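Just below is one structure, and these are the notes that go with it.
From a predicted model like this one, the values you see are computed outputs, not experimental measurements. These values consider heavy atoms only, across backbone and side chains, with no hydrogens, waters or symmetry-generated copies.
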Amino acid sequence: MIVGNFEINIKQKNDIPENIEDIFEKGTHLIGVHRELMLYLGKQIVHGINYAYIARCVPATLNPRPYYELIIINVNETGKVCIVRRETILKASESEIGGIICSREDEAPIRIINSTEANNLLKLFSKGMYNVLGLEYEAELYLGHQIYHGCNYYYIAEAESLENKTKSIKLVTMNLFIDEVRVVEIKDIL
């Protein structure tokens with residue numbers, strides 16, 4: 001691994017090694033928000049090792065609005081664990097009418113659940129990414145949807161360059177209107 005670059009090595013929540021899950025638990029032991037580890041993304045050597053995760057978060061408030069967050073946790077040379085970066089990726093809207101609805105923690109890991117809905121979400125992603133050139137995309141997590149000129153769907157995807165085989169993590173927004181699926185936006189996450 002090159003110092004400073006993230007080595008992308010996605011692990012679904014059921015495949016995350018115990019030592020990497022323990023780092024997440026130690027680093028996110030904060031009062032006020034329940035964080036469910038959804039994906040391990042990879043690591044980076046910088047003043048120790050940075051570990052990147054995607055978590056589903058639910059604030060401990062009345063009528064909480066769930067959200068998905070990128071969390072990077074550093075373990076320094078002495079073993080001290082701390083959060084070095086937290087970034088909200090997608091947040092549920094105050095109103096469900098026309099707003100974003102975050103997926104439940106049991107429906108988000110579409111790669112590991114065996115259901116018709118998960119299969120349909122993966123097929124929709126594949127259909128929408130059919131004409132996107134330059135990178136090969138694989139959906140890893142379903143974040144939610146929004147009714148907007150049809151329906152927008154939000155995914156975390158691993159993208160691999162076909163040219164130099166480098167990997168990155170993207171937030172992909174797709175729109176389904178009648179039978180047409182198109183990519184609305186692709187944003188870099190990591």
Next item on the list: Considering non-hydrogen atoms only, spot the tightest contact between Arg111 and Ala139 and give its length.
Entry: CD-O, 2.8 Å
Notebook entry, point to check: Less than 4.5 Å apart, any side-chain heavy atom of Ile73 and any of Val84?
Noted result: no
Margin query: Working to the nearest 0.5 angstrom, can you tell me the gap between Tyr142 OH and Tyr68 OH?
Written below: 9.0 Å
Item checked: Short N-O contact, Arg35 and Glu69, less than 4.0 angstrom -> yes
Notebook entry, point to check: Hey, are the side chains of Lys123 and Leu121 touching, using non-hydrogen atoms and a 4.5 Å cut-off?
Noted result: no
Next item on the list: Please determine, by modelled atom types, if Tyr153 and Gln146 share a side-chain donor-acceptor pair under 3.5 angstrom.
Entry: no
Check: Got Asn5 and Thr166 here, is their nearest side-chain heavy-atom distance under 4.5 Å?
Finding: no
Next item on the list: Could you tell me whether the side chains of Glu7 and Gln44 share a donor-acceptor contact shorter than 3.5 Å?
Entry: no
Check: Should the heavy atoms of other residues, nucleotides or ligands under 6.0 Å from CD of Glu87 be counted, would the total exceed 12?
Finding: yes
Margin query: Go through it in stages, so that I can follow the logic: the residues are Ile23 and Val75, the test is side chain to side chain contact (heavy atoms under 4.5 Å, CB included), and I'd like the CA-CA distance, side-chain angles, deciding distance and then a yes or no.
Written below: CA-CA 8 Å; Ile23 292 167; Val75 180; 3.8 Å; yes
Next item on the list: Could you pull out all residues at least two apart from Glu136 that satisfy side-chain contact (heavy atoms from CB on, under 4.5 Å)?
Entry: Leu162
Check: Which atoms form the tightest heavy-atom contact between Pro64 and Pro59, and what is the distance?
Finding: CB-O, 3.2 Å
Item checked: CG/Asp179: more than 12 non-hydrogen atoms of other groups inside 6.0 Å -> no
Margin query: Show, in sequence, the C-alpha distance, side-chain angles and deciding distance for Glu160 and Leu135, and conclude whether the side chain to side chain contact (heavy atoms under 4.5 Å, CB included) test is met.
Written below: CA-CA 5 Å; Glu160 183 174 358; Leu135 296 173; over 6 Å; no
Notebook entry, point to check: Which pair of heavy atoms, one from Gln12 and one from Pro109, lies closest together, and at what distance?
Noted result: OE1-CB, 4.3 Å
Check: Can you check whether Thr28 reaches Ile71 side chain to side chain, under 4.5 Å on heavy atoms?
Finding: yes
Margin query: Using every non-hydrogen atom in the two residues, find where Ala108 and Ser103 come nearest and quote the distance to one decimal.
Written below: CB-OG, 3.4 Å
Next item on the list: Could you check Lys43 against Asn9 for side chain to side chain contact (heavy atoms under 4.5 Å, CB included), going step by step and ending with a plain yes or no?
Entry: CA-CA 8 Å; Lys43 63 184 178 180; Asn9 182 21; over 6 Å; no
Check: If you round to the nearest 0.5 Å, how far is CD1 of Ile54 from CD1 of Ile189?
Finding: 6.5 Å
Check: Does any pair with a residue in residues 102-121 pass ring pair (Phe, Tyr, Trp, His ring centres under 6.0 Å), and if so which ones, sequence neighbours excluded?
Finding: none
Note to self: Can you confirm whether Glu117 sits close enough to Glu107 that some side-chain heavy atom of one is under 4.5 Å from a side-chain heavy atom of the other?
What the structure shows: yes
Check: Charged N to carboxylate O under 4.0 angstrom, Glu21 versus Lys13?
Finding: no
Checklist line | Ile186 vs Met129 side-chain heavy atoms within contact, under 4.5 Å | finding: yes
Next item on the list: Report yes if the side chains of Arg85 and Leu70 come closer than 4.5 Å at any heavy-atom pair, otherwise no.
Entry: yes
Item checked: Hydrophobic cluster partners of Leu62 (side-chain heavy atoms under 4.5 Å) -> none
Next item on the list: Return the minimal non-hydrogen interatomic distance between Ala52 and Tyr40, and the atom names on each side.
Entry: O-CD1, 3.5 Å
Margin query: For a side chain to side chain contact (heavy atoms under 4.5 Å, CB included) check, start with the C-alpha distance between Leu39 and Ile156, then their side-chain angles and the critical distance, and finish with the verdict.
Written below: CA-CA 10 Å; Leu39 285 178; Ile156 292 294; 4.0 Å; yes
Item checked: Among Leu124, Leu141, Leu143, Leu90, the one residue meeting side-chain contact (heavy atoms from CB on, under 4.5 Å) with Tyr155 -> Leu124
Checklist line | Asp106 versus Ile113, closest heavy-atom pair with distance | finding: O-CD1, 3.6 Å
Note to self: Please check if the number of heavy atoms outside Asn114 that lie under 6.0 Å from its CG is greater than 12.
What the structure shows: no
Notebook entry, point to check: Taking the side chain as C-beta and beyond, is there a heavy-atom pair between Ile169 and Ile8 under 4.5 Å?
Noted result: yes
Note to self: Any donor-acceptor pair under 3.5 Å linking the side-chain atoms of Asn119 with those of Thr116?
What the structure shows: no
